[in-house]
Amino acid sequence: MKSKSLLIIIVLLIIGAFIFFKDYNNIQNQDEAVVASWSEVVNQYKRRADLVPNLVNTVKGYASHEKDVLTQVTDARAKVGSVQINADQLSDPALFSKFQQAQSELSSALSRLIAVSENYPDLKANTLYQDLMNQLEGTENRITVARGRYIQTVQIFNSYIRKLPTKWVADIIGQQPKQQFTVENEQPISNAPSVNFGQ
């Protein structure tokens with residue numbers, strides 16, 4: 001009778017260990033997937049930040065009196081460089097929000113710069129400017145794709161570590177949910193834009 005109880009305990013321990021290590025390995029695999037997708041997002045942001053000085057210098061020659069917009073772009077680009085977040089900090093909502101805000105400010109400043117440049121026909125015809133704009137447009141598309149992949153991998157990771165018994169394993173090894181991408185102006189952009197060619 002005693003040996004039977006001991007056998008049951010050993011079997012339960014083996015099953016428990018099997019579940020623990022299976023979940024632990026799956027968490028590690030999915031954590032690495034989140035890290036890789038975040039690295040691609042940062043890589044594309046870096047590409048954009050590298051292009052901005054060239055774009056500003058090109059526009060400066062044609063729009064020297066548009067100092068405010070050029071200064072805003074330069075400041076936003078500098079701020080992006082000062083707010084960094086690595087894969088180990090993806091569980092920190094305050095730092096993640098700060099990083100997203102800096103990127104959002106750069107996007108907004110670039111939009112104003114592009115709008116200003118539309119007033120300079122010579123600038124628009126400049127080959128260097130066209131090349132930079134094409135690269136910038138390609139970068140924005142790559143950022144969108146990278147964000148989409150990050151959102152998907154975070155959704156899979158967060159769902160996985162919230163399920164039982166994986167949640168217990170995640171709690172033991174200190175795994176927290178990763179921060180998901182959001183936008184600050186969700187309400188305004190959820191409304192369809194009005195198009196009026198009569199004005």
Practice task
Classify the side-chain pair Q28/E32 by whether it contains a donor and acceptor separated by less than 3.5 Å.
Solution key: no

Roughly how far, to the nearest 0.5 Å, is the [atom2] atom of [Y] from the [atom1] atom of [X]?
X	Y	atom1	atom2	value
D122	S117	CG	OG	12.5 Å
Q176	L90	CD	CG	12.5 Å
D23	K167	CG	NZ	13.0 Å
S108	Q101	OG	CD	11.5 Å
L164	I19	CG	CD1	11.5 Å
D31	Q175	CG	CD	4.5 Å

Problem - Residues forming a side chain to side chain donor-acceptor pair (under 3.5 Å) with E140, sequence neighbours excluded - result: R48

Handout entry: By side chain to side chain donor-acceptor pair (under 3.5 Å) - contacts of K60 (at least two apart)
Key = none

Problem - Crowding at CD, Q180 (>12 non-hydrogen neighbours, <6.0 Å) - result: yes

Exercise for the section: Kindly check if the number of other-residue, nucleotide or ligand heavy atoms within 6.0 Å of CZ (R149) is above 12? Expected result: no

Can you tell if the side chain of [X] reaches within under 4.5 Å of the side chain of [Y], non-hydrogen atoms only?
X	Y	value
T153	Q30	no
R77	D50	yes
T139	L51	yes

Exercise for the section: Output yes when a side-chain donor or acceptor of S104 lies under 3.5 Å from a complementary backbone atom of Q100, and no otherwise. Expected result: no

Problem - N43 side-chain N/O to S39 backbone N/O, donor-acceptor pair under 3.5 Å - result: no

Exercise for the section: Quick one: which residue pairs count as a salt bridge (charged side-chain N to carboxylate O under 4.0 Å, His left out) with a foot in residues 94-105, not counting sequence neighbours? Expected result: K79-E105

Practice task
Please assess L123 against T58 for the test side-chain contact (heavy atoms from CB on, under 4.5 Å), listing each intermediate value before the final yes or no.
Solution key: CA-CA 8 Å; L123 173 61; T58 303; 4.1 Å; yes

Exercise for the section: Give the minimum heavy-atom separation between Q44 and A146, together with the two atoms involved. Expected result: CG-CB, 4.3 Å

Completion exercise
Nearest heavy-atom approach of P177 to S91 is O-OG, 3.5 Å

If Ile, Leu, Val, Met, Phe, Trp and Tyr residues are connected whenever their side-chain heavy atoms lie under 4.5 Å apart, and connections chain through other members, are [X] and [Y] in the same group?
X	Y	result
I114	I143	no
V56	Y62	yes
V35	V154	no
V41	V80	no
L95	L106	no

Fill in the blank from the handout: residues 122-147 vs ring-ring contact (aromatic ring centres under 6.0 Å, His included), sequence neighbours excluded, gives none

Exercise for the section: Determine which pairs satisfy ring-ring contact (aromatic ring centres under 6.0 Å, His included) with at least one residue from residues 19-49, sequence neighbours left out, and list them in order. Expected result: W38-F96, W38-F99, W38-Y150, Y45-F99

Practice task
Go through the steps to decide whether R47 and Q135 satisfy the test side-chain contact (heavy atoms from CB on, under 4.5 Å), and finish with yes or no.
Solution key: CA-CA 9 Å; R47 177 186 164 92; Q135 288 188 45; 4.3 Å; yes

Practice task
Under the side-chain contact (heavy atoms from CB on, under 4.5 Å) rule, what do T166 and N26 come out as? Steps first, then yes or no, please.
Solution key: CA-CA 9 Å; T166 309; N26 283 337; over 6 Å; no

Practice task
Tell me who clusters with V145, hydrophobic residues only, linked when side chains sit under 4.5 Å apart either directly or through other members.
Solution key: none

Problem - Worked check of side-chain contact (heavy atoms from CB on, under 4.5 Å) between V73 and V59 - result: CA-CA 11 Å; V73 173; V59 175; over 6 Å; no

